[in-house]
Trainee: 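I have a structure here, written as structure tokens, and I will follow up with some questions on it.
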There are 2 protein chains.
Amino acid sequence: MTSTTEQPPKRRRDRAAREREILEAAERIFGERGYQGTSMDDVAAQVGVSKPLIYQYYGSKDGLFLACLARLRGQLLDTVADAVMAAPNAEDALYAGFLAWFRFLDEHPQAWSVLVDEGMLSAGPAAEATDEVRAAFIELIATMVRMNLPAGRPVDDDEVQIVAQSISGATERLAIWRTRAAAPPSPEKVARTLQDLLWQGLHTLKTT
Amino acid sequence: MTSTTEQPPKRRRDRAAREREILEAAERIFGERGYQGTSMDDVAAQVGVSKPLIYQYYGSKDGLFLACLARLRGQLLDTVADAVMAAPNAEDALYAGFLAWFRFLDEHPQAWSVLVDEGMLSAGPAAEATDEVRAAFIELIATMVRMNLPAGRPVDDDEVQIVAQSISGATERLAIWRTRAAAPPSPEKVARTLQDLLWQGLHTLKTT
DNA sequence: CCGAGTAACTTACTACGAGTAAGTTCCAGC
DNA sequence: GCTGGAACTTACTCGTAGTAAGTTACTCGG
């Protein structure tokens, strides 16, 4: 009976426990209804607590949303980074990274909803955090790209940036598309196709 | 003295004229402050008209935003499509399309702000319109990709979709990056790099 | 010129959600 | 048991989306 709905005899808890409880509820509700569609009153009611308490702990709606973001982002980033690092060479790393990305999103659909809504916050203070996440990813990609270049060659940083941004954008859009598509191709198929599309071009970079 | 601020002796106009006037103001204000940062009262005040009139003409805030979107989207789509169609072969078409895209966005920065905020509306009825825009682009890209394939070969529609989605995502993210970067590379450079990155891979598609 | 009829427009609201001020209740340690 | 602080609440303010109901100005037939 200890399901998601909380039982009445809920008393005071220490701050850390409450914060966790609030965060979990927020993650769930943001995931279901999006940022706009979620009101602080909703979250408060779900936790069985009053609104000002949430404000005391998280400062603002953005603050709460950011906290959700940070957690999910960390998980996703770690997953992908691990897959990339575990690969024996650049070619495999590329595929492994894509695969890890699409698989994670398949396995954590509600996490992804939050992260997508993240993109929605072009305005607001959440935008900065959003950019940080993406910057981390792009840094990872850029590192991979550079790994793939012969050591002696001069590196055109603009080109590396362009490539990294492109890959980041492509994977994001593909992820969104897959959640919406009626019968999306498997993570393996998408990762493979992407890999095929990009691999040759990455070599071109190196010989330019 | 007929600057952007309107002179007091502003009287009744017929509906079409007012709609245009409202749309222009909305486009400007949305472009400056984003969707969230713009209130209907702001727009009303700017036009020198009362809020309910805007509601009568555009139905809702989303409706007004959508109307802005539709116009800008149309311009952008036409520009890119023209460039693509004018190219003598697939390779040039790809480059020309990219170039037209990035140039347009350089030349219409406020238009782009609106289109970026567009992305922000994952929630709300604007999302549908957004998807339509993107679908149009993706259709254009998919057509180009198919043009590039030998006629006899069987076409894997999933792969074409994946590639088209990737390109769409890449160009969007690059556009956003360029507006934020301190010293973004020229449209030519970005278009060329993208072209280099993708061209080989598109051939791979055909021989798979 | 003149009185409808209607399109253009306004005033004055409601509803709801973010954020806050000022408490009240419960538990720890003395 | 009493006091101090952390956990928590009630009861607001303020801003903005959206609306109901009315008012003003143009127009067209007589």
Side-chain angles (χ1 to χ4, degrees), chain A residues 6-26 29-30 32-69 117 120-121 123-127 129, chain B residues 6-26 29-30 32-69 117 120-121 123-127 129:
Chain A
E6 72 294 340
Q7 52 275 52
K10 174 140 20 144
R11 287 326 201 76
R12 291 171 175 231
R13 291 156 110 74
D14 69 350
R15 178 163 180 154
R18 262 301 187 241
E19 280 184 351
R20 227 167 318 148
E21 207 179 354
I22 292 170
L23 199 64
E24 274 160 30
I29 302 180
F30 278 134
E32 282 164 12
R33 311 186 212 172
Y35 179 85
Q36 299 278 7
T38 301
S39 80
M40 294 299 265
D41 287 307
D42 289 343
V43 178
Q46 186 77 35
V47 181
V49 96
S50 72
K51 196 169 48 164
L53 193 70
I54 304 183
Y55 275 91
Q56 194 173 323
Y57 290 167
Y58 289 99
S60 66
K61 189 180 181 183
D62 277 338
L64 179 59
F65 189 72
L66 248 64
C68 296
L69 224 59
D117 258 1
M120 138 198 170
L121 291 176
Chain B
E6 71 297 337
Q7 50 277 50
K10 174 131 34 133
R11 287 328 198 72
R12 290 169 176 232
R13 292 155 109 75
D14 68 353
R15 178 162 181 156
R18 263 296 189 246
E19 280 185 351
R20 235 179 333 226
E21 207 179 356
I22 293 169
L23 199 65
E24 275 160 30
I29 302 180
F30 278 133
E32 283 163 12
R33 311 186 212 171
Y35 179 85
Q36 298 280 7
T38 302
S39 80
M40 294 298 265
D41 286 309
D42 288 344
V43 178
Q46 187 77 35
V47 181
V49 98
S50 73
K51 195 169 49 162
L53 193 70
I54 303 184
Y55 276 91
Q56 194 173 323
Y57 290 166
Y58 288 98
S60 67
K61 190 179 181 182
D62 277 338
L64 180 58
F65 189 70
L66 247 64
C68 295
L69 225 59
D117 259 0
M120 133 200 172
L121 292 175

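Values below: every heavy atom of this structure, side chains too, minus hydrogens, waters and symmetry copies. Letters go in sequence order (proteins before strands), and every chain restarts at 1.
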Trainee: Between P on C:dG17 and CD1 on A:Ile54, what's the gap in Å once rounded to a whole number?
Mentor: 14 Å

Trainee: Please figure out whether B:Leu53 or A:Gly59 has its closest DNA chain C nucleotide nearer the 5' end.
Mentor: B:Leu53

Trainee: Compare the minimum distances between each of D:dA11, D:dC8, D:dA7 and the side chain of A:Ser50, then state the nucleotide with the smallest one.
Mentor: D:dC8

Trainee: Taking OH from B:Tyr55 and P from D:dA17, how many angstroms apart are they, rounded to a whole number?
Mentor: 6 Å

Trainee: C:dC16 P sits how many Å from A:Gln36 CD, rounded?
Mentor: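 Atom-to-atom, A:Gln36 to C:dC16, this comes out as 17 Å.
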
Trainee: Round to the nearest Å and state the distance from B:Asp41 atom CG to D:dT16 atom P.
Mentor: 7 Å

Trainee: How close or far is atom P of D:dA7 from atom CZ of A:Arg18, stated in whole angstroms?
Mentor: 10 Å

Trainee: Tell me whether the OP1 or OP2 atom of D:dT16 has a side-chain N or O from B:Ser39 closer than 4.0 Å.
Mentor: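 False: B:Ser39 side-chain N/O out of range (4.0 Å or more) of D:dT16 OP1/OP2.
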
Trainee: Write down the distance between NZ (A:Lys51) and P (D:dC12), rounded to a whole number of angstrom.
Mentor: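 Result: 14 Å.
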
Trainee: If you round to the nearest 0.5 Å, how far is CD1 of B:Ile54 from OG of B:Ser60?
Mentor: 11.5 Å

Trainee: Tell me if a side-chain donor or acceptor on B:Tyr58 pairs with a main-chain N or O of B:Leu66 at a distance below 3.5 Å.
Mentor: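 Not confirmed, B:Tyr58 side chain does not pair with B:Leu66 backbone.
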
Trainee: B:Tyr57 near the nucleic acid: base, sugar-phosphate alone, or nothing, with a heavy-atom cut-off under 4.0 Å?
Mentor: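 Result for B:Tyr57 = sugar-phosphate.
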
Trainee: Once you round it to whole Å, what is the distance between P of D:dT27 and CG of B:Asp14?
Mentor: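 Answer to the nearest Å: 10 Å.
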
